[in-house]
Number of protein chains: 2
Amino acid sequence: MSLPHAILTALLEKPSSGLELTRRFDRSIGFFWPATHQQIYRELGRLEASGQIRALRPEAPVRGQKKEYEVLPEGRAELARWTAEGAAPRAVREPLLLRLRAAAVVGTDGLAAELERHLALHREQLADYREIERRDFPVERADEENRLQHAVLRAGIGLESFWVQWLAETLDTLPAEPSRPSDAPRACDPSDRP
Amino acid sequence: MSLPHAILTALLEKPSSGLELTRRFDRSIGFFWPATHQQIYRELGRLEASGQIRALRPEAPVRGQKKEYEVLPEGRAELARWTAEGAAPRAVREPLLLRLRAAAVVGTDGLAAELERHLALHREQLADYREIERRDFPVERADEENRLQHAVLRAGIGLESFWVQWLAETLDTLPAEPSRPSDAPRACDPSDRP
DNA sequence: ACCCTCATGTAAGCTGTTACATGATTCA
DNA sequence: TGAATCATGTAACAGCTTACATGAGGGT
């Protein structure tokens, strides 16, 4: 149940319409909580129905026309409540690691190319984040108020750095010849205890 | 569509029943692709229906009794196909980062405690992974066949290390006094361009 | 008139989560 | 017999993904 709170945060930062929110998600909150416009419209509807946000200029509920929302006190309270509440860290869910496990059983055909592709993508994302940091958090400004936003960005940078390093390292240790499924000895789950 | 392939991998490593799979997921594949027993039973049903796996001892489809599955050639082929296929890296989805962004707007009450809690959990998980590494991948064994499994484990270790470091660092830069919502200046999305 | 873009939605399908139901086996 | 555990499911719902639908406004 994080999307409504992501939207409340974005709307508190700046009242917006659905499509504006979608675009802002694409270049900021969406880096760690992506959402499509369909999700966002649905959630805006729910938040409005439950009295946490309201439309500015409510006299024009026309279909093809812009509809801007702002957060009501109830919405701000709910967001504050949620912020203080605890939750377990999200489990990692990364298909690439699954592919490695699968490759250990059925052979590493095509795996190196896939790792290369990921490496390029993560390098790109890392460069983007570094550019944002250079632009929005210059060193000379001791960030008093932007400290939290900077911490979030540093998380993105750290994660991308990790993947770049791990992918490069893993590519290095990959055998030159892809293993063929039939040749491969029966792999055994290393953390299985019989 | 990764869960069926995770199950195929696990079944190729060792034919198992639904509950056995659930337990094996809990201590190995589930670290990067968690699944509950309900998901696993549902997926086993689908894989059996589509002819990718089959039950050993098919003469006993009794409800409360163990039912072991093995992978058929079709299943192995499908897994090999999927392994070679490309996919974009999974987007990060981490509510804690969302909470930081929200805290920048509504105040940092309770945030330090939440960060401490996560720090403890990640330290624990990191210790678990290191223990597995020590046990299953001792340095003296140049791993020829277990190289891929080791790479997966190193990814887990790297990710947990990152979080531990980032959380400690972020806790350090957190102000001693929690900011009150009303005092806080209007935060502005750092990566927004008007 | 036509097309493009902006903008707001609807619908269907799949995945994941939570709670509950049912039968078999074992042990006190 | 009764309780605990092992084992296999069902049902309902929430969230996410993908594809499509509809309308307004502006330009050619």
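Worth knowing before you read on, the calculation uses all heavy atoms, side chains too, and leaves out hydrogens, waters and symmetry mates. Computed from a predicted structure; not experimentally measured. Order of the sequence lines sets the chain letters (A, B, ...), proteins ahead of strands, with each chain counted from 1.
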Candidate nucleotides [options], ranked by approach to the side chain of [X] - the nearest:
X: Y69(A); options: dG9(C), dA7(D), dG16(C); result: dG9(C)
X: W33(B); options: dG16(C), dT8(D), dC16(D); result: dG16(C)
X: T36(A); options: dT17(D), dT8(C), dT8(D); result: dT17(D)
X: R93(A); options: dC16(D), dT8(C), dG16(C); result: dG16(C)
X: H37(A); options: dG9(C), dT8(D), dT17(D); result: dG9(C)
X: Q39(A); options: dG9(D), dA7(D), dC16(D); result: dC16(D)

Measuring to OP1 and OP2 of [N], would you say a side-chain N or O of [X] lies under 4.0 angstrom away?
X: Q38(B); N: dT17(C); result: no
X: Y41(B); N: dT8(D); result: yes
X: Q65(B); N: dG23(C); result: no
X: R42(B); N: dG16(C); result: no

Can you tell me the distance, in whole Å, between the [atom1] atom of [X] and the [atom2] atom of [N]?
X: R23(B); N: dT8(D); atom1: CZ; atom2: C1'; answer: 12 Å
X: F25(B); N: dG16(C); atom1: CZ; atom2: P; answer: 11 Å
X: L21(B); N: dA7(D); atom1: CG; atom2: P; answer: 12 Å
X: I40(A); N: dC6(C); atom1: CD1; atom2: P; answer: 16 Å
X: L44(A); N: dA7(C); atom1: CG; atom2: C1'; answer: 13 Å
X: E43(B); N: dG13(C); atom1: CD; atom2: C1'; answer: 14 Å

Comparing E68(B) with M1(A), nearest DNA chain D nucleotide closer to 5' gives the residue E68(B)
Quick check for you: to the nearest 0.5 Å, what is the distance between E124(B) atom CD and E160(B) atom CD?
10.5 Å
Picking from I7(B), L8(B), L72(B), what satisfies side chain to side chain contact (heavy atoms under 4.5 Å, CB included) with Q52(B)?
L8(B)
Going by the side chain to side chain contact (heavy atoms under 4.5 Å, CB included) test, name the single residue among R93(B), R101(B), R99(B), E94(B) that passes it with L97(B).
E94(B)
Nearest-nucleotide wise, let me know which of R46(B) and G18(A) is further upstream toward the 5' end of DNA chain C.
G18(A)
Pairs meeting criterion side chain to side chain donor-acceptor pair (under 3.5 Å) with involvement of residues 161-171 of chain B, two or more places apart:
R154(A)-E169(B)
Within-4.5 Å side-chain heavy-atom neighbours: L126(B) and R123(B)
no
